[in-house]
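On a predicted model such as this, the values are computed, not experimentally measured, just so you know. We're numbering straight along the sequence, starting at 1. Values below: all heavy atoms of this structure, side chains included; hydrogens, waters and symmetry mates excluded.
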Amino acid sequence: MSPRPAPDASTQGPRAEQPRARRLETPPVFSPGSFCHPARQETVAALGLPHPHPWQPTEEDWHLPENWEAILRAAFQDRLRKYRSLRVFMDICARCGACADKCHFFLGTGDPKNMPVLRAELLRSVYRGEFTLAGRLLGKAAGARTLSKTIVKEWFAYFYRCTECRRCALFCPYGIDTAEITMIARELLLELGLGANWILEPVANCARSGNHLGIRPQVFQEMVQALCDDIREITGIRLTPPCNEKGHEVLFIAPSGDLYTEPGVYTFMGYLLLFQAIGLDYTLSTYASEGGNFGLFASAELAAKVNAKIYAEAGRLGVKWILGGECGHMWRMAHQYMDSMNGPAPAGLEVPRNPVTGTVFRHAASTKMIHIAEFSADLLLHRALVLDPARNDHLIVTFHDSCNPARAMGLLEEPRIVLRAACNHFVEMPENTIRERTFCCGSGAGLNGDEIMALRMQGGLPRGHALRHVQRHNGVNTLACICAIDRNSLRPLADYWAPGVSVAGAHELLGNALVLPGEGERTTDLRREPLPPGGAP
């Protein structure tokens with residue numbers, strides 16, 4: 001783990017050197033803690049990606065293929081032909097700077113190249129130099145650059161300091177989506193065998209076993225059973241979730257982080273309690289045991305490959321529709337890319353319909369897949385659940401709008417409906433840091449490795465300050481979210497910026513509050529912590 005600066009040191013103005021030379025002429029510096037570990041040669045090879053080879057960012061020679069310039073030009077030209085949006089984004093930027101102070105990494109580091117406009121310029125300048133007449137004729141006068149090994153290193157340095165959160169796009173007067181530019185830049189780097197291990201290794205695991213952690217089917221079932229045993233001890237209710245069974249109405253898929261790591265496991269227990277409470281006819285799958293998609297952080301091809309298992313299992317098991325758990329990138333994938341990359345949905349799938357309330361989720365008419373937050377919010381709006389929110393009275397809860405469900409999917413009010421129903425004490429963070437303007441956790445898009453912990457804490461500065469504000473002014477002690485990556489990455493952020501604040505999933509808190517028929521007297525919450533006085537039935 002890289003060393004972390006003291007919180008006070010992270011707030012004393014710009015943290016990066018401000019060179020007098022032109023920004024694009026300043027070479028990147030790879031110091032410990034500033035870069036992601038490079039992908040292992042065997043991992044790159046296992047995924048069938050080009051030019052697997054050993055390399056280190058700190059070394060001068062990255063061992064690029066001899067014809068690396070031709071490879072990049074051809075790959076760039078291919079993406080320009082394939083994605084009309086890329087050419088538009090390359091051409092229309094006015095460099096107005098409206099995005100500059102909207103990026104958490106620029107606010108946290110003070111490095112000008114972390115401004116979205118300048119980060120995109122790292123790619124755009126090469127586009128001008130290689131693919132526009134003005135750039136070829138006028139060169140630097142037109143803001144053009146020709147390919148060099150320094151530029152390749154610059155791309156790796158700065159496009160792996162973008163979490164693809166899309167906050168900058170919200171404020172861009174032209175709607176330029178810098179996240180899409182980051183995705184393309186990472187694809188180009190993969191053409192040279194350059195990638196981040198924290199991204200490609202989970203993708204390789206997913207291709208091999210169905211989830212990012214490489215867990216085998218029998219272990220998946222054992223973990224589900226272990227959580228059911230915990231639920232029985234806490235509530236007195238025995239659960240036997242079906243797995244790989246045909247003939248059920250719903251296929252439920254959660255991110256693997258909700259099954260194997262804390263605090264995600266408590267969220268998974270909340271899912272199971274909810275399904276028990278309403279008698280949902282569902283099945284789990286050991287083959288589609290991962291809803292998350294690290295492929296989305298690497299390339300469109302890998303994103304489609306990782307996501308394909310969801311439709312494959314839905315078709316094999318003969319379900320009617322798909323319900324997904326609390327995950328961020330699962331939902332950007334489902335909401336914005338699933339149709340084009342993996343569609344159409346298998347024959348037999350239907351528009352999702354809540355079997356309890358009768359609500360038809362028409363916005364999912366194409367994908368046949370909905371988010372558990374909107375499913376639970378619908379149940380609560382129809383008063384279909386019995387809750388005792390006093391069980392969470394020891395918690396003063398605030399909510400982090402995870403970037404992908406919020407900005408990419410528009411899930412803004414639904415999680416708040418769940419939290420306000422499950423908790424008596426709910427507080428919002430400052431207005432400009434929530435909903436569609438939410439600040440990123442600083443560790444998304446595969447940047448949640450411990451080797452860049454210092455960088456993550458700097459990137460998390462805006463979210464950390466907002467959290468510390470409500471901790472100091474409102475006594476907040478719990479930060480809720482609906483994303484598995486956030487549940488893991490927000491824990492060190494909270495410990496750093498607002499010590500004493502714990503992190504929880506929305507459905508963990510709902511699980512605490514749910515009153516189930518036949519349950520025994522509860523004396524603890526799902527974490528085995530004592531319930532507050534008066535919080536048990």
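One finds a salt bridge joining Arg79 and Glu187 here, because a Lys/Arg side-chain nitrogen approaches an Asp/Glu carboxylate oxygen to under 4.0 Å. Using a cutoff of 4.0 Å between basic side-chain nitrogens and carboxylate oxygens, Glu431 and Arg437 are not scored as salt-bridged. Under the 4.0 Å criterion applied to side-chain N and carboxylate O atoms, Glu262 and Arg528 are not assigned as salt-bridge partners.
Residues Pro389 and Arg391 have side chains not in contact (no heavy-atom distance under 4.5 Å, counting atoms from C-beta outward). The side-chain heavy atoms of His425 and Leu395, taken from C-beta on, include no pair separated by under 4.5 Å. For the pair Arg463 and Thr438, the minimum side-chain heavy-atom distance is below 4.5 Å. The closest side-chain heavy-atom distance from Phe275 to Ile372 is below 4.5 Å. Inter-residue side-chain proximity for Asn307 and Met338 is flagged as met; some heavy-atom pair is nearer than 4.5 Å. Proximity of Thr398 to Phe426: side-chain heavy atoms (C-beta onward) are nowhere separated by under 4.5 Å. Within the 4.5 Å cutoff, the side chain of His335 has no heavy atoms near those of the Asn404 side chain. A heavy-atom distance below 4.5 Å is not found between the side chains of Pro116 and Lys102.
Rounded to the nearest 0.5 angstrom, Leu296 CG and Met183 CE are separated by 4.5 Å. Once rounded to the nearest 0.5 Å, the distance linking CG of Leu380 with CG of Leu419 reads 10.0 Å. Interatomic distance, Asn293 CG to Met330 CE, rounded to the nearest 0.5 Å: 9.5 Å. One distance of note links SG of Cys99 with CD1 of Ile176; it measures 8.0 Å at 0.5 Å rounding. Taken to the nearest 0.5 Å, the CG atom of Leu479 stands 8.0 Å off from the CG atom of Leu493. Interatomic distance, SG of Cys403 versus NE2 of His104, reported as 7.0 Å (0.5 Å rounding).
Judged as a salt bridge (Lys or Arg N to Asp or Glu O under 4.0 Å), and not counting sequence neighbours, the contacts of Arg166 are Asp177. Residues satisfying the side-chain hydrogen bond (donor to acceptor under 3.5 Å, both in side chains) criterion with Glu508, sequence neighbours excluded, are Arg527. With sequence neighbours excluded, the residues forming a side-chain hydrogen bond (donor to acceptor under 3.5 Å, both in side chains) with Asp378 are Asn354, Thr357, Thr359, His382, listed by chain and number. Take Glu413 and apply the salt bridge (Lys or Arg N to Asp or Glu O under 4.0 Å) test, not counting sequence neighbours, and it matches Arg420, Arg435. Not counting sequence neighbours, the partners of Asp401 by the salt bridge (Lys or Arg N to Asp or Glu O under 4.0 Å) test are Arg416. The side-chain contact (heavy atoms from CB on, under 4.5 Å) test applied to Ala314 returns Leu251, Val319, Ile322, Leu349, not counting sequence neighbours. Listed by chain and number, the residues in a ring pair (Phe, Tyr, Trp, His ring centres under 6.0 Å) with His507 are Tyr271 (sequence neighbours excluded). Under the salt bridge (Lys or Arg N to Asp or Glu O under 4.0 Å) criterion, Glu414 pairs with no residue, sequence neighbours left out. With sequence neighbours excluded, no residue forms a side-chain hydrogen bond (donor to acceptor under 3.5 Å, both in side chains) with Ser489. Under the side-chain hydrogen bond (donor to acceptor under 3.5 Å, both in side chains) criterion, Glu180 pairs with Tyr337, not counting sequence neighbours.
Ala384 approaches Val356 most closely through the heavy-atom pair CB-CG1, 3.8 Å. Contact record, Asp101 with Phe106: CA-CD2, 4.3 Å, taken as the closest heavy-atom pair. Considering every non-hydrogen atom in both Cys36 and Phe156, the closest pair reads O-CZ, 3.9 Å. In this structure, Ile482 and Ala373 approach most closely via the heavy-atom pair CD1-CB, 4.5 Å. Closest non-hydrogen pair, Gly475 versus Ile396, comes out as O-CD1, 3.4 Å. What you find for Pro202 and Asn197 is that their closest heavy atoms are CD-O, 3.7 Å.
Here the side chain of Glu201 pairs no donor or acceptor atom with the backbone of Trp198 at under 3.5 angstrom. Without hydrogens or angle criteria, Trp331 side chain to Gln336 main chain gives no donor-acceptor distance under 3.5 Å. Listed for the Asp339 side chain is no donor-acceptor partner under 3.5 Å among the backbone atoms of Gly343. Using a distance-only test at 3.5 Å, with no hydrogens or angles considered, no donor-acceptor pair links the side chain of Trp155 to the main chain of Ala185. Judged purely by atom type and a 3.5 angstrom limit, Asn392 uses its side chain to pair as donor or acceptor with the backbone of Ala422.
Screening Phe105, Tyr160, Phe35 for a side chain to side chain contact (heavy atoms under 4.5 Å, CB included) involving Leu455 leaves a single residue, Phe105. Results of the side chain to side chain contact (heavy atoms under 4.5 Å, CB included) test with Glu164 over Ile181, Leu447, Thr182 single out Thr182 as the only residue that passes.
Ring orientation note: the planes of Phe294 and His212 are nearly perpendicular, at an angle over 60° on the 30°/60° scale. Aromatic ring orientation, Phe252 versus Tyr282: perpendicular (interplanar angle above 60°, classes split at 30° and 60°). Aromatic ring pairs are classed by plane angle as parallel below 30°, tilted from 30° to 60° and perpendicular above 60°; the pair Phe361 and Phe375 is tilted.
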Tell me, with the steps shown, if Leu526 and Leu273 meet side chain to side chain contact (heavy atoms under 4.5 Å, CB included). CA-CA 11 Å; Leu526 297 181; Leu273 287 171; 3.8 Å; yes
side-chain hydrogen bond (donor to acceptor under 3.5 Å, both in side chains) assessment of Thr109 paired with Gln458: CA-CA 6 Å; Thr109 66; Gln458 289 180 308; 5.9 Å; no
Handout entry: Test salt bridge (charged side-chain N to carboxylate O under 4.0 Å, His left out) applied to Glu519 and Arg522, step by step
Key = CA-CA 8 Å; Glu519 71 175 17; Arg522 290 207 211 177; 3.2 Å; yes
Can you check side chain to side chain contact (heavy atoms under 4.5 Å, CB included) on Glu290 and Lys309, steps first, answer last? CA-CA 9 Å; Glu290 174 68 74; Lys309 65 183 179 300; 3.9 Å; yes
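Listed by first then second residue, pairs satisfying salt bridge (charged side-chain N to carboxylate O under 4.0 Å, His left out) with a partner in residues 469-491 read Asp258-Arg487, Glu326-Arg487, not counting sequence neighbours.
Cation-pi check for Arg161 over Tyr158 is met; the charged atom lies under 6.0 angstrom from the ring centroid and within 45 degrees of its normal.
Ring to ring, His465 and His469 are not that close: their centroids are 6.0 angstrom or more apart.
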Enumerate, atom names and distances included, each donor-acceptor pair closer than 3.5 Å involving a side-chain atom of residues 298-306, sequence neighbours excluded.
residue, atom, partner, partner atom, Å
Ser299, OG, Leu302, N, 3.1

